[in-house]
Amino acid sequence: MTEIGTMQDLEALAAEIATAIESVSSLEALEAIRIDLLGKKGRVSLMMRELGGMDPEARKQAGQELNRLKDRIATAIELRQTLLGDAALNDRLAAEAVDVTLPSRPHTEARLHPLSRTIEEVVAIFAEMGFTVAEGPDIESDYYNFTALNIPEEHPARQEHDTFYLPPDAEGKRKVLRTHTSPVQVRTMEATEPPVRIIVPGRTYRSDHDATHSPMFHQCEGLVIADGIHMGHLNGCLIDFCRAFFGVDGLPVRFRPSYFPFTEPSAEVDIGCTRDGGGLKIGAGDDWLEILGSGMVNPRVLANCGYDPEKYQGFAFGMGIERIAMLKYGIPDLRTFYDSDLRWMRHYGFLPFDAPSVHAGLVGGSS
Ligand code: DAH
């Protein structure tokens, strides 16, 4: 169009445009129409530009007409946009509707490994007694694993540990894979002032492999240090733990004299059981089962860590997680913990929502 047409022409154009807009069926096509008419080089925009060359009277008249046309187009586009938008939304809602009446897909639930579960249980029980969890490295120096714990170079206890040694470093020193969680006692005492009340669940390593030993296994260490701690605290704490963990209210617990270089005196803790009839029953009968090692922290260890043994006393204990898990859950072979056999996991594993609550422990002495 080289010059602005008559009003009839504009009316005809408006009608043609209205039909085009109404018949368009997608938002993209509608946008194309908008650009074709109102865009910078759109038909109506070009007509507007021609106004400049007209005489004032005609320009006024034509300007009004064109502005009206522009408004009508804009309104019609907006209306169509809303309609198409609603339709698109309705289509999506229909297409993506979820049929809640369909049967759900069969799925297998994951299981929590009995070792994870046992660690959670132990932590929950001691947390209720005010213990916090401490951790340390799996690769330890000889000092933390042995020397600071009063196990010097020639000590026979070193042989008993079947230690894995790493190749010597530049200074010829050989690190070890920690043979117990006890080095974390030393690390904690070095880093903090008394009072101390920690438990240390973690991986430990010894070169040993049979139905009750694995080269990698788990222990949980405990350490309590404060002014005035005595053996009565050790007894009470560990009796409460054994009863809560095995869920037997009056479970007999016995403290049997023993020896550990890092405690003096030392005691092994046994719980009452019976083996009558082939199976093991905890909490009944007159037999005993060893559960953990314990003792009053050797003053030499306190001194090695910078604590004044005249001022502070404490007790410590250590237990094998696999061992107590096997006893509690009737798992006969320790090696099966690491076989990754799904059938075993389905049998011995725990559903995640079975996780122990912190309250499962000490209330009433049973879980
Ligand atoms: N560290 C010992 C072990 O691996 C267990 C142990 C016994 C830890 C007595 C202690 C303790 O803290 O007091 O056999």
Side-chain angles (χ1 to χ4, degrees), residues 119 122 126 129 131 133-138 140 142-152 155-164 176-190 196-208 212-226 229-239 241-242 253-271 289-302 304-305 307 309 312-324 334:
I119 290 171
V122 171
F126 282 108
M129 295 192 224
F131 284 70
V133 172
E135 289 181 317
D138 289 19
E140 260 303 1
D142 191 281
Y143 176 77
Y144 284 114
N145 196 78
F146 294 121
T147 314
L149 288 160
N150 196 35
I151 315 175
H155 200 288
R158 287 214 181 191
Q159 270 68 60
E160 283 164 29
H161 278 219
D162 299 311
T163 312
F164 285 115
V176 303
L177 293 183
R178 67 177 178 190
T179 58
H180 49 178
T181 40
S182 305
V184 185
Q185 285 189 22
V186 181
R187 289 182 172 273
T188 305
M189 286 192 269
E190 274 185 0
V196 171
R197 192 159 37 169
I198 53 155
I199 45 161
V200 186
R203 271 189 285 270
T204 44
Y205 307 84
R206 290 185 199 181
S207 179
D208 211 350
T212 51
H213 297 90
S214 148
M216 190 281 297
F217 59 108
H218 298 76
Q219 284 191 346
C220 186
E221 190 79 11
L223 177 71
V224 174
I225 307 277
I229 293 289
H230 53 71
M231 198 129 183
H233 295 119
L234 178 157
N235 285 32
C237 173
L238 294 179
I239 291 172
F241 166 73
C242 291
V253 180
R254 174 175 85 168
F255 292 80
R256 183 168 36 83
S258 185
Y259 172 78
F260 298 105
F262 30 87
T263 46
E264 186 57 42
S266 305
E268 225 118 20
V269 180
D270 301 339
I271 57 171
L289 189 66
E290 183 192 318
I291 292 299
L292 52 90
S294 67
M296 300 305 292
V297 179
N298 192 318
R300 289 194 189 183
V301 176
L302 293 175
N304 287 343
C305 301
Y307 283 9
Y312 295 110
Q313 303 76 37
F315 66 88
F317 54 90
M319 65 188 94
I321 296 291
E322 280 80 355
R323 178 170 171 76
I324 60 170
L334 183 142

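Keep in mind it's a predicted model, so treat the numbers as computed, not measured. Just so it is clear, the values below take in all heavy atoms, side chains as well, and ignore hydrogens, waters and symmetry mates. Both counts, for ligands and for their atoms, begin at 1 and track the order of listing.
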What do you reckon, are the aromatic ring centroids of Phe260 and His180 less than 6.0 Å apart? no
To the nearest 0.5 Å, tell me how far Gln185 CD sits from Leu302 CG. 9.0 Å
With sequence neighbours excluded, what pairs up with Asp270 under the salt bridge (charged side-chain N to carboxylate O under 4.0 Å, His left out) test? Arg254, Arg256
Heavy-atom contacts under 4.0 Å to ligand 1, chain-then-number order, include exactly His180, Ser182, Gln185, Arg206, Gln219, Glu221, Phe260, Phe262, Thr263, Gly293, Ser294, Gly295, Ala316, Phe317, Gly318
Which distance, rounded to the nearest 0.5 Å, do you find between the CZ of Arg178 and the OH of Tyr144? 13.5 Å
Under a plain distance cut-off of 3.5 Å, with no hydrogens placed, do Thr179 and Asp162 share a side-chain donor-acceptor pair? no
Tell me if the aromatic rings of Phe241 and Phe131 count as close, with their centers under 6.0 Å from one another. no
